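These numbers come from a predicted model, not from an experiment. Side chains are part of it too, since the values below use all heavy atoms of this structure and drop only hydrogens, waters and symmetry mates.
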Amino acid sequence: MLKRIQKLQLQPRQKKAFIGILTAIGILYGIHLFHTYRVSHAAPVVPAVTVEVETVQLGAMPIEVHAVGALIAAHHVDVTPEIAGHVAEVYYPDGGVPVQTGAVLLKLDDLSAKAKLDQAEAGLAYSSADYERKQSLGKRGAISKQAIDQALEDLKIKRAMRDEAAADLAHTKLLAPFSGVLGKVNVSPGDYVTVGQKIVSLTDISHLRAEYEIPEKYLSQLKMGQTVRVSTATWSDKIFTGVVTFVAPTVNPDNRTISLYADIPNDQHLLTAGLFVDVVQVLGTESHALIVPPSSLVSVMDGQKVFRVINSNKVESVPVTVVRRSQGAVEVSGSLTPGDRIVVAGQQKLVDGTTVQWQNNRSSS
């Protein structure tokens, strides 16, 4: 470059000015290169992550225990005859039919029973008249007291025979002992049935019981009348409620559990005996519980954590321990305090120190 300048045959003063210009151009070019390098190597600007937040609440939390059980009918019976005989009529030939208390389910041939009742009533009428006649004679001293006593004894025997015959006639009809639904009918008209033979089952499905077991550690907290909630896969969107009506007085030595059952009203007949159910029994209430939404919990290797908003727009992770769960709420323990803002949606993009902005804040602003 200098050789070229020398060839230009410039005056010393011109040469000096020209060299100054070239130096300035070099400096400006160097500044441009440095700025380009800084821009290309600068850390990218990370936009704030949009999340949803709610506040930690201090409130009451039900103390609950969970179990798996099965539904049984509070009243179930196999209807059987008390006398033998031929079936004269079946009033409900098909199963699955609802009946009311006292409904006649089946009738046996009653000709013989009626005849025996007529005979017994005739004998009773004769004995009654004979006793009254002898009482009248006794008042006049025309008959001994022994004869009167014998007539009274005979009257009692005839009355008992009449009552027995009347009972046999009544037993020719099989009645529903309570309201319920009939099972399969096992006989037809003309069949001969014996005493104790199963004719049909009757189940009261309006009143069911949930039978279940819970660990013995809850023994001191169990009380009759405690509320239970029952759910089943058959009706996944419904919760059925009932009350505890039985607590076993002893612990099952095989698995160290306590047997319970709770009465579950079933007026709409949505449930049926035999269903497996999930049972939640309420044991009491924790009045000063730290409550967070279930959606705020993030599973990690050693448990659970939540993201807390700090300094208005940063987040930090806070380890928590789940104490208990209830419908739509979780009680936790840890370093949270009531009023803390915690993230309930968008946690998958967060790490400690992430800048956030929140929207759709349902509990606080």
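- None of L275, T203, L271 except one satisfies the side-chain contact (heavy atoms from CB on, under 4.5 Å) rule with L208; the exception is L271.
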_CA sep, side-chain torsions, deciding dist, call: E52, V343, side chain to side chain contact (heavy atoms under 4.5 Å, CB included)_ = CA-CA 6 Å; E52 296 179 17; V343 179; over 6 Å; no
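- Contact check for E213 versus N255: side-chain heavy atoms found under the 4.5 Å cut-off.
- Enclosure of atom CD in Q348 by more than 12 non-hydrogen atoms of other residues, nucleotides or ligands within 6.0 angstrom is indicated.
- Test D352, T354, T355 against K314 for side chain to side chain donor-acceptor pair (under 3.5 Å) and you get one pass: T355.
- When the options V282, L283, T245 are evaluated for a side-chain contact (heavy atoms from CB on, under 4.5 Å) with Q226, the one that passes is L283.
- The pair K145-D149 meets the salt-bridge criterion, since a charged nitrogen lies less than 4.0 angstrom from a carboxylate oxygen.
- With a 6.0 Å radius and a threshold of 12 heavy atoms from other residues, nucleotides or ligands, F276 has its CZ atom at or below the threshold.
- Within a 6.0 Å sphere centred on CD of Q135, other residues, nucleotides and ligands contribute more than 12 heavy atoms.
- I239 and L71 fall into different hydrophobic clusters, where Ile, Leu, Val, Met, Phe, Trp and Tyr side chains are chained together by heavy-atom contacts under 4.5 Å.
- Atom NE2 of H75 sits in a sparse spot, with 12 or fewer heavy atoms from other residues, nucleotides or ligands closer than 6.0 Å.
- Salt-bridge check for D154 with K158: passed, with a basic side-chain N closer than 4.0 Å to an acidic carboxylate O.
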*Show the numbers, then the answer: is there a salt bridge (charged side-chain N to carboxylate O under 4.0 Å, His left out) between R256 and E216?*
CA-CA 6 Å; R256 313 307 302 174; E216 63 178 347; 3.3 Å; yes
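- Looking at S236, its side chain never comes within 3.5 Å of a backbone N or O of A233 through a donor-acceptor pair.
- A side-chain donor-acceptor contact under 3.5 Å links N266 to the backbone of I205.
- Following chains of ILVMFWY side-chain contacts shorter than 4.5 Å, one can reach V251 starting from L260, so the two form part of one hydrophobic cluster.
- F246 CZ: more than 12 foreign heavy atoms inside a 6.0 Å radius.
- Between R324 and E331 a salt bridge is recorded (basic side-chain N to carboxylate O distance below 4.0 Å).
- Hydrophobic clustering places V187 together with V104 (ILVMFWY residues linked when any side-chain heavy atoms are closer than 4.5 Å, directly or through intermediates).
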